[in-house]
Amino acid sequence: MTSSSRSPLGVTLVDGGANVALFSTTADRVEFCYFDDDGTEHRTELTHRTGYTFHDIVPDVTVGTRYGFRVHGPWDPANGLRHNPAKLLLDPYATAIDGTYEWGQALFGHDMEHPDQIDETDSASAMPKSVVADRTFDWGDDTRPDTHLSDTVVYEVHVKGFTQQHPDVPEDIRGTYAGMAHPAAIQHLVDLGVTAVELLPTQQFVQDSTLADKGLRNYWGYNSIGFFAPHDEYASSGTAGQQVAEFKQMVKAMHAAGLEVIMDVVYNHTAEGNHMGPTLSFKGIDNPSYYRLVEDDGSSYFDTTGTGNSLNVAHPAALGLIADSLRYWVEEMHVDGFRFDLATTLTRQDNEASRRSAFLDIIHQDPVLRGVKMIAEPWDTAGYQVGGFPAEWSEWNGKYRDDMRAFWRGDEGVLGDAVQRFLGSPDVYEGSRRAPVCSVDFVTAHDGFTLADLTMYAEKHNEANGEDNEDGESNNTSFNGGIEGPTDDGAVNDYRDRQRRNFLGSLLLSAGVPMILGGDEIARSQGGNNNAYCHDDEISWFDWTAADRDLLAFTRSAIAFRKQHAALRPEWYRTAPGDSDSTVSVLRADNAGFEDADWADAGNRAVMLVLEHGSDAVAVLLNASQTTVEFTLPEKPGGGTWSVGLSSDPDQQVDDGAGSVLVRDASFTALT
């Protein structure tokens, strides 16, 4: 008979059964529990222990077996120990999870009225189960697109919301991985011209009780519990492990269309919350190894995420879990990169963010991980760290969002900041010799207003969230054109249309990696809700019947224009390890160079940028003022005359041979 092994962790099928392994530094005994279809539970104690890993061969475990763990050990919350064998625990290494939570006392290891006291209500009937999934899959000739960062255009999108109301996707697969892989869905992405889809969280997450009590749902999914498991609610083919193959098929279809798949991953915390949260997995397995606890108070959780807990990335168990999970998604699921939610939390060494953290070191030295795209959300509740990640990383650049919104709103004194953002934020990155592609540029994302709402609402309208409109960001740097919400006023709508083209156009003309919020290209609105995390409904889903076809056509043209011009995709502009082929001239509207006084002029809202790469040249004329501005054109590099390549003003004209061009208020024009 096969002998058991401490590695790999989790459940691995072998002849006659499965090798089962679970890590815990604090447990006394571990029971593997598997369930028949009628719910009958069978328990097998793991009799071997190597180091801190309990392991054994369990017979008769097959594909589709539903299981969990019961972990015996001390209940001593004051010292961080929360073992409770009455609670069935999910396998941290489960590749599939099936079932729902029946919220109540059974899911909590402690007595809800007396948190220091253990609760011995059995939770098995109220818990989802880990599932042994079939990990075989025919990848055929699947090939990663491996698109260079300078050529990448990211599309941030929700798996369910994208196709839930798509008229050309069959109803039985709408809102699923299969729906995302449907030719109609993929064709939209291909026709748009994006190169990568960044999927909001698709690792298994929890529908928390606080939202369920309000009749709402966790739509965004930033509430992880299974770092190896595709979220089961997005599977059309079944949830007894079938979600694994369906996810793989989605990736395979994306790759066949030349699209990369980037996962938004949540390793900074889990759904178990703080000391009052449920006991679902890690908390009952090895609480002090997996979570940061408050020094001298093991009953409390050190929280830099705002969710109640933070994963203890200083401990080898938690760090190994993250690394193993990332490698799994790359090697077995074939994903092309990751966007790390609240990534600063993961870099905290002794509670301080550090470029030399163990988390970053592991990724840099790993031959699997160092070859895929790594994107940081560079902040957590303790601080904003844009520019603080290593050169191999890109970052969501919130400065780009804020400064470009302020510029196009017509704010005073922001022109210099807007130019920095347009050029790939050299003020952030060049000092550490980082390239423009370290900046993931965006003006909207899932968290906040959509582009349509950014131009329709001056205030947030989150009443449907059930928090008296007190949730969500109040400072959105938005402008409604003078009327709040939808209107029939032609002049206001003309202004809003132009502003939407301004944002999308300047985003796609900027150096760095542009990221478009899914639906912005068709003017998707959330009715002014800038915190729709709890709306798995029409507020969040794409309304394809209301799509703005003119804006869609413009966005396609803007992406195509970016791809046509190397000058818009610089590796470097001014500071480079060697000679750079890309240059930029920053000019006033009269074709003179900027003086200090020009930058100090708070009312200056117009600038001309001449971008060159080899023989390619593009002149970008930006006018955020409230009046038409005359730009005196420079001589075109290489000779010839300038012509309109892209403009937010449909009536923009340039006379052949003319020495100047008029750019109307709140608009841009790119010349080639």
For the pair [X] and [Y], find out whether any cationic side-chain nitrogen is under 4.0 Å from an anionic carboxylate oxygen.
X: D151; Y: K563; answer: no
X: R370; Y: E392; answer: no
X: E332; Y: K248; answer: yes

### Task
Hey, could you give me each pair passing side chain to side chain donor-acceptor pair (under 3.5 Å) that has a residue in residues 539-561? Not counting sequence neighbours.
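For residues 539-561: D536-W541, D543-T545.
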### Query
Taking only residues at least two apart or on different chains, which pairs with a member in residues 473-482 satisfy side chain to side chain donor-acceptor pair (under 3.5 Å)?
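Every pair satisfying side chain to side chain donor-acceptor pair (under 3.5 Å) with a residue in residues 473-482: K460-S474, N476-N530, N480-E484.
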### Query
Between W396 and F389, does a ring-ring contact (aromatic ring centres under 6.0 Å, His included) hold up when you go through it step by step?
CA-CA 11 Å; W396 268 29; F389 279 73; over 10 Å; no
List the residues meeting salt bridge (charged side-chain N to carboxylate O under 4.0 Å, His left out) with [X], not counting sequence neighbours, and say none if there are none.
X: D134; answer: none
X: D497; answer: R500
X: D341; answer: R339
X: D494; answer: R498, R664

### Query
Between F542 and H188, is the gap from one ring center to the other below 6.0 Å?
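No, ring centres 6.0 Å or more apart.
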Using distance alone, with no hydrogens and no angle criterion, decide if [X] and [Y] have a side-chain donor and acceptor under 3.5 Å apart.
X: N268; Y: T305; result: no
X: H446; Y: Y222; result: yes
X: D471; Y: N531; result: yes
X: Q204; Y: D232; result: yes
X: T239; Y: D98; result: yes
X: T444; Y: D520; result: yes
X: H255; Y: D336; result: yes
X: Q207; Y: Y219; result: no
X: Q499; Y: T455; result: no
X: Q652; Y: T669; result: yes
X: Y155; Y: E521; result: yes

Can you name the residues that form a ring pair (Phe, Tyr, Trp, His ring centres under 6.0 Å) with [X], not counting sequence neighbours?
X: F137; value: W139
X: H461; value: Y457
X: F668; value: none
X: H565; value: F561

### Task
Report the residue from D402, D403, N397 that forms a side-chain hydrogen bond (donor to acceptor under 3.5 Å, both in side chains) with R421.
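With R421 as partner, side-chain hydrogen bond (donor to acceptor under 3.5 Å, both in side chains) holds for just one option, D403.
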### Message
Taking salt bridge (Lys or Arg N to Asp or Glu O under 4.0 Å) as the cut-off, I'd like each qualifying pair that reaches into residues 185-201, sequence neighbours left out, listed once.
### Response
none
#### Entry: Test item: M515 and Y400 side chains (from C-beta on) under 4.5 Å apart, heavy atoms
no
### Message
So T202 and Y177, do their side chains get closer than 4.5 Å, heavy atoms only?
### Response
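Touching, per the 4.5 Å side-chain cut-off.
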### Task
Considering non-hydrogen atoms only, spot the tightest contact between V244 and T95 and give its length.
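Closest approach of V244 to T95: CG2-O, 3.3 Å.
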### Message
How close do L342 and E377 get, counting heavy atoms only, and between which atoms?
### Response
N-OE1, 2.7 Å
### salt bridge (Lys or Arg N to Asp or Glu O under 4.0 Å) between R144 and E260, worked out
CA-CA 7 Å; R144 299 181 188 279; E260 292 185 308; over 6 Å; no
### Task
Before giving the answer on side chain to side chain donor-acceptor pair (under 3.5 Å), spell out for E246 and S237 the whole-Å C-alpha distance, their side-chain angles and the decisive distance to 0.1 Å.
CA-CA 7 Å; E246 189 170 327; S237 53; 2.6 Å; yes
### Query
Taking only residues two or more places apart in sequence, or in another chain, which ones meet T195 in a side-chain hydrogen bond (donor to acceptor under 3.5 Å, both in side chains)?
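Scan of T195 (side-chain hydrogen bond (donor to acceptor under 3.5 Å, both in side chains), adjacent residues dropped) gives none.
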